[in-house]
Amino acid sequence: MALIREVMTSPVVTGLSSEPLVEIARRMHQHRVGSVVIVKDHAPAGIVTERDVLGEAASGQLATVTAGEVMSAPVETIDERLDAAGALEMMRTRGFRHMPVVAHDELVGVISLRDLARLSTLAPPEVPRGLKGVVVADTEVGDVRGAEGFYHYRQYSAVELAISRPLEDVWRLLVDGTLPETRQERTAFTDEVRPLRTIPPAVAEVLPVIARASAPLDGLRSALSLAAAERGCRPLYDLDASERRADALFVAALTPTLLAALFRLRTGAEPVGPRDDLGYAANYLWMLTGSVPSSEHSQALERYLVSTIDHGFNASTFTARVIASTGADVGACITGAIGALSGPLHGGAPSRALELLDEIGSPDRARAVVTDKVRSGQRIMGFGHAVYRTEDPRSRMLRDVARGLGDPLAELAVAVERSVVEVLAELKPGRDLYANVEFYAGVVMAACGIEPEMFTPTFTSSRVIGWSANILEQAMDPKIIRPSARYVGPPPPEPVPPMEEAPG
Ligand SMILES: CC(C)(COP(=O)(O)OP(=O)(O)OC[C@H]1O[C@@H](n2cnc3c(N)ncnc32)[C@H](O)[C@@H]1OP(=O)(O)O)[C@@H](O)C(=O)NCCC(=O)NCCS
């Protein structure tokens with residue numbers, strides 16, 4: 001921590017108690033300081049601050065009083081060798097804004113609360129790179145317990161919800177805080193969200209242009225921006241809780257329809273509208289493929305979708321919350337989050353795990369292929385996790401889901417998983433590397449007839465619900481998220497160089 005002498009204002013501006021206050025004020029202004037130390041026999045006898053000047057000016061006395069009549073006296077001094085944290089504590093507890101600084105009883109400077117505040121901005125507390133492990137908010141939405149291999153939505157195990165509840169129940173849990181307890185409550189929620197799935201005509205009109213220009217996930221950003229504008233989504237800051245909730249439901253309900261339409265238009269097919277007689281995942285597969293899926297595929301995909309709605313303070317959820325903390329509208333929060341998710345280090349590519357399975361081809365080749373890759377420094381896609389040090393609970397559940405579908409790819413994946421875990425334990429001892437959600441996600445989605453291009457967009461179609469719950473929670477906290485960066489460039493201020501005149 002810095003010492004006072006490193007941050008104080010020096011040389012100190014001084015005055016005499018007999019001087020008119022107006023003269024002291026002029027000196028303050030000229031030297032751009034917030035206080036003048038009044039001295040007697042070279043020792044500090046009192047202090048006049050900008051507040052004293054303002055007070056006298058407000059009561060019309062500025063021109064008539066002397067410094068001695070308004071100064072705070074006697075004045076406490078502080079030693080230049082004290083550290084700034086000690087000074088800050090002392091000034092806060094005693095209520096001082098300015099204090100004369102002394103060295104061996106000689107006046108050498110003035111320290112102000114403003115100097116100390118500036119210091120705390122210049123030297124912010126150190127945090128781990130990437131904010132890893134730093135708690136930046138309180139949440140009731142859910143959490144991930146990496147050491148235990150467990151994650152939850154509100155008070156319920158996410159995996160248990162995925163196995164036992166339809167997606168819309170879990171959507172209600174995240175956004176409204178409770179699971180529906182009766183069929184009427186369930187129907188009331190589905191009746192509310194299903195009409196929101198229809199693409200607004202102005203958006204439908206430009207969707208073919210968007211689909212031609214961009215991949216579905218990128219296209220979703222443009223389409224949602226337009227949809228939010230068309231709806232007249234206003235800043236969260238200006239809305240009450242029920243208006244915010246309505247916007248959040250709208251954006252989350254529309255996302256799967258837009259993604260499916262963008263995908264179909266890209267492949268030259270016409271969009272297919274949502275159907276009220278189908279469950280959530282069945283409707284999604286219908287909108288993608290134009291065929292009603294089997295109940296096995298619908299159930300498998302619904303479990304995947306429920307299991308990926310939320311997962312702690314990941315980069316896209318954090319992004320959504322940062323934007324929400326500025327009071328921006330729900331459309332802005334969600335499109336920002338999609339941008340964060342689209343990065344290869346986050347949304348990842350479940351398709352890459354599938355490519356690995358393709359490359360391996362048969363279980364007897366798994367060891368050799370994986371050993372070669374790890375020895376040459378490559379990462380095995382679908383293994384390892386930033387938070388889990390155990391098996392990823394999502395991968396455990398999706399393994400069962402994949403096997404339940406009876407797809408031969410699932411059996412290959414199970415055999416390959418075993419080999420990869422063994423090889424990683426041998427070549428990366430002590431790192432605790434197991435299959436993550438990506439490894440079986442691609443297997444499940446492919447078995448359900450989803451093209452690899454739609455793997456990450458399909459993940460987005462469920463994560464948007466987690467984002468919206470987080471946005472609604474963040475909107476209740478009026479504090480903007482605004483951290484600091486450490487400046488490491490050339491020291492300022494350097495004079496701005498003049499532009500070189502052209503010769504001749
Ligand atoms: C997910 C991931 C980025 C997490 O990273 P992390 O927890 O920060 O782990 P680290 O990058 O610190 O890795 C720790 C060690 O394990 C190794 N490791 C981690 N994942 C590995 C993998 N999939 N294959 C081979 N080695 C791996 C690292 O090389 C590192 O070894 P080292 O200590 O000898 O350098 C990482 O495991 C990974 O790249 N996995 C593959 C991509 C993937 O599946 N992504 C989807 C995630 S849901």
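Position 1 is the first residue of the sequence; numbering continues from there. Here the structure is a predicted model, which means the values were calculated and not measured. Counting starts at 1 for both ligands and their atoms, in listed order.
Summarising the contacts of atom 26 (N) of ligand 1 with V374, L433, N436, the nearest heavy atom is found in L433. For atom 42 (C) of ligand 1, the nearest non-hydrogen atom from the set R389, K373, M381 belongs to M381.
With no hydrogens or angles considered, no side-chain donor-acceptor pair links E302 and Y284 at under 3.5 Å.
Contacts between D392 and ligand 1, counted as non-hydrogen atom pairs separated by less than 4.0 Å, are absent for every part of the residue. Of the heavy atoms in R379, both backbone and side-chain atoms come closer than 4.0 Å to ligand 1.
Between R244 and D238, no side-chain nitrogen of the basic residue sits less than 4.0 Å from a carboxylate oxygen of the acidic one, so the salt-bridge criterion is not met. Comment: R365 does not engage E359 in a salt bridge, judged by the lack of any side-chain N to carboxylate O separation of less than 4.0 angstrom. Look at D191 and R194 and you find no salt bridge, because none of the NZ, NE, NH1 or NH2 atoms lies under 4.0 Å from a carboxylate O. Classification of E181 and R186 as a salt-bridged pair fails, no side-chain N sitting under 4.0 Å from a carboxylate O.
Polar contact with ligand 1: present for K428 (N/O pair, distance under 3.5 Å). Taking any N or O of E438, backbone or side chain, none lies under 3.5 Å from an N or O belonging to ligand 1. For H385, a nitrogen or oxygen atom sits less than 3.5 Å from a nitrogen or oxygen atom of ligand 1, counting backbone and side chain alike. For V437, no nitrogen or oxygen atom sits less than 3.5 Å from a nitrogen or oxygen atom of ligand 1, counting backbone and side chain alike.
Taking every heavy atom of G382 and a limit of under 4.0 angstrom, the matching atoms of ligand 1 come to 43 (C), 44 (O). With ligand atoms numbered from 1 in the order given, ligand 1 contributes 22 (C), 23 (N), 24 (N), 25 (C), 41 (C) to contacts under 4.0 Å with heavy atoms of I380. Shown in contact with A386 at under 4.0 Å from a heavy atom are these atoms of ligand 1, numbered in order with element: 4 (C), 7 (O).
Seen from the ring of Y151, R145 does not count as a face-on cation partner, given the 6.0 Å and 45° thresholds.
Aromatic ring pairs are classed by plane angle as parallel below 30°, tilted from 30° to 60° and perpendicular above 60°; the pair W171 and F189 is perpendicular.
In this structure, Y388 has its ring center under 6.0 Å from that of H311.
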